[in-house]
Amino acid sequence: MKRIKIAEILRTEPVNSEVVVKGWVKAFRNNQFIALNDGSCAQNLQVVVDFENTDPGLIERIKFGAAIGARGLLVESQGKGQTVEVKAAEITVYGDCNPEEFPLQPKKQTLEYLREIAHLRFRTNTFGALFRVRHALAFAIHKFFNDRGFCYLHTPVITASDAEGAGEMFRVTTLPLENVPLTERGEIDFSLDFFERPTNLTVSGQLEAELGALALGEVYTFGPTFRAENSNTTRHLAEFWMIEPEVAFADLGDNMDLAEAMLQSVIGYVLEHCAADLKILEDRLIEEEKTKPQDQRSDMSLTEKLRFVVDNSFERLTYTEAIDILKNSNPNKKGKFQYPIDGWGADLQSEHERYLVEKHFKKPVILTNYPAAIKAFYMRRDEPNESVPGPTVSAMDILFPGIGEIVGGSQREERLEVLQQKMQEMHIPEKELYWYLDTRRFGTCPHAGFGLGFERLVLFVSGMGNIRDVIAFPRYPGSAEF
RNA sequence: GCCUCAUUAGCUCAGUUGGUUAGAGCGGCGGACUGUUAAUCCGUAGGUCCAAGGUUCAAGUCCUUGAUGAGGCGCCA
């Protein structure tokens, strides 16, 4: 008989038909009631064992964590906690689970401990819910772009350019590290390397996405990116997934509209389709908040926070306006900021972004038109504005409560001469990026795009506290287990 | 990379001012019960108090160094 998934069973009425279910034992109560979970949904299915007529040796093997199958009648439940249950006529044990050795237990275990056993943490309620939500978000992102006619572009993971300027890169090589071949001048002889040139893992697919956008019109990437920064925070990973749409004939306003619509759409999708999993994550967050002092607790539940983001438009303001607000803010006047705001031009610190998002506006914020000096070379230079102290670019960052920067984007510099001048000023070799400049030489047009850190989105939507807990096998300094 | 905090049973945690034999809950094991919802009840085993060195009559507790983990900052998505 064919196995039926528990998610499907819970959608059907009890029909007194025979079913076969397979999964892992979450609890075995009273020698009678198995809570069975097969990963298809958050809910367990109750399997009732006729313990008086079942081999005691078999009952012995029904332990927390064991993989079992059950065949029997699907009936209306006599108990209170569930509507249907399976009256087992036959139980099969596929994989025993020795409780003395199994590291998981049916009780609260810390996320730090579970991170050490990341190969098993999928089996907990929290991580089961988390990875189903993560999947739903990924699917919703593809759906959003597909519905709008975007083309999914696969940009390379291995790249020869190190000029993207997004951070330290991981070198890719097949040269023997113990005996690196040198040229006559004593430099590493990359002509003997696999690609016959220095190569790295990509830090961004943006430049390649721009190439696609200037022909396909609207493209997006969704793939792994790598940063070799020694970052030790709850918001950084060495390997993470990034979504990077790029749109031809779009300006900064279109870019902001797209990003806001996308975030609201995918969060709305999860609210609609992952209620049971969100409930598990919300309850986890409530428990975690109980351990915090009263004033640090959130006044909104997880789903309320998500609903709020979906229902309210993001606050849009320029960097210059933000500086004014911060300069006149209470914490700045009272010297509460570790980095006081004393002028125009410096990059904002986390404490400043947090003040704007969590205290001043109390909603997601889009900051735009940053000083040109603190932003990347490819961002479009703004027309001079007398009310602004210095040159700015058409950049935008979206800041989320608790997460900080979740999106970074810009309108791109489409004017060849301006771009070349910027590259010269920032010491970016034109020769290496000839292919990028070609798009400006041949049929250039205004265009814009952004990068969304997928794990930061999952972090926000799941209410988890550490980005290392929203990706299956996190990579960060000193850690590449599994 | 910098700063702060933590490390006690399989897990989650107590452990007073430095003072005799380091405790609890869950989990394990043995038993009872049998429509339970983290089932319940009775019994029971389980510890190199992260490591090394030091102070002291006496160290889980104080000091130094190291390891590991967490949080904050910077870099950013």
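Per chain, numbering begins at 1; letters A, B, ... match sequence-line order. No hydrogens, no waters, no symmetry mates; every other heavy atom, side chains included, goes into these values. Note that the coordinates shown come from a computational prediction; the quantities given were computed from them, not determined experimentally.
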Contacts under 3.5 Å, N or O only, protein and nucleotides 31-36 of chain B:
unit_1 : atom_1 : unit_2  : atom_2 : d
B:rU34 : O2'    : A:Gln32 : NE2    : 3.4
B:rU34 : O2     : A:Asn30 : O      : 2.6
B:rU34 : O2     : A:Asn30 : OD1    : 2.4
B:rG35 : O6     : A:Gln78 : OE1    : 3.4
B:rG35 : O6     : A:Gln78 : NE2    : 2.9
B:rG35 : O6     : A:Lys87 : NZ     : 2.8
B:rG35 : N1     : A:Glu85 : OE2    : 2.9
B:rG35 : N2     : A:Ser77 : OG     : 3.4
B:rG35 : N2     : A:Gly79 : N      : 3.1
B:rG35 : N2     : A:Glu85 : OE1    : 2.7
B:rG35 : N2     : A:Glu85 : OE2    : 3.2
B:rU36 : O4'    : A:Asn30 : ND2    : 3.3
B:rU36 : O2     : A:Arg29 : NE     : 3.0
B:rU36 : N3     : A:Gln46 : OE1    : 3.0
B:rU36 : N3     : A:Gln46 : NE2    : 3.1
B:rU36 : O4     : A:Gln46 : NE2    : 2.5
B:rU36 : O4     : A:Gln82 : NE2    : 3.0

- Task: Look at the side-chain N and O atoms of A:Arg115 and state whether any lies under 4.0 Å from the OP1 or OP2 oxygen of B:rU68.
- Result: no
- Item | Residue-phosphate contact under 4.0 Å: A:Ser350 side-chain N/O, B:rG74 OP1/OP2 | yes
- Item | Electrostatic pair A:Arg121-A:Asp469, nearest N-O below 4.0 angstrom | yes
- Item | NZ/NE/NH1/NH2 to OD/OE distance under 4.0 Å, A:Arg61 and A:Asp55 | no
- Note on the structure: Nucleotide by nucleotide, nucleotides 4-12 of chain B touches protein heavy atoms under 4.0 Å in the pattern (B base, S sugar-phosphate only, - none) ------BBS
- Query: Counting only side-chain N and O atoms of A:Arg468, is one of them less than 4.0 Å from OP1 or OP2 of B:rG69?
  - Reply: no
- Message: Distance check, C1' atoms only: B:rG60 and B:rU20, in whole angstrom units.
- Response: 15 Å
- Message: Taking 4.0 Å as the cut-off, does a side-chain nitrogen or oxygen of A:Thr234 come that near to OP1 or OP2 on B:rG72?
- Response: yes
- State whether A:Lys290 and A:Glu287 are salt-bridged, where the test is any N-O pair (Lys NZ or Arg NE/NH1/NH2 against Asp/Glu carboxylate O) under 4.0 Å. yes
- Message: Roughly how many Å apart are B:rA9 and B:rA51, using the P atom of each and rounding to a whole number?
- Response: 11 Å
Under 3.5 Å, which protein N or O atoms sit close to an N or O of nucleotides 48-50 of chain B? Give each pair with its distance.
none

- Task: Determine the contact category for A:Asn44: base if any of its heavy atoms lies under 4.0 Å from a base atom, sugar-phosphate if only primed atoms, P, OP1 or OP2 are that close, otherwise nothing.
- Result: nothing
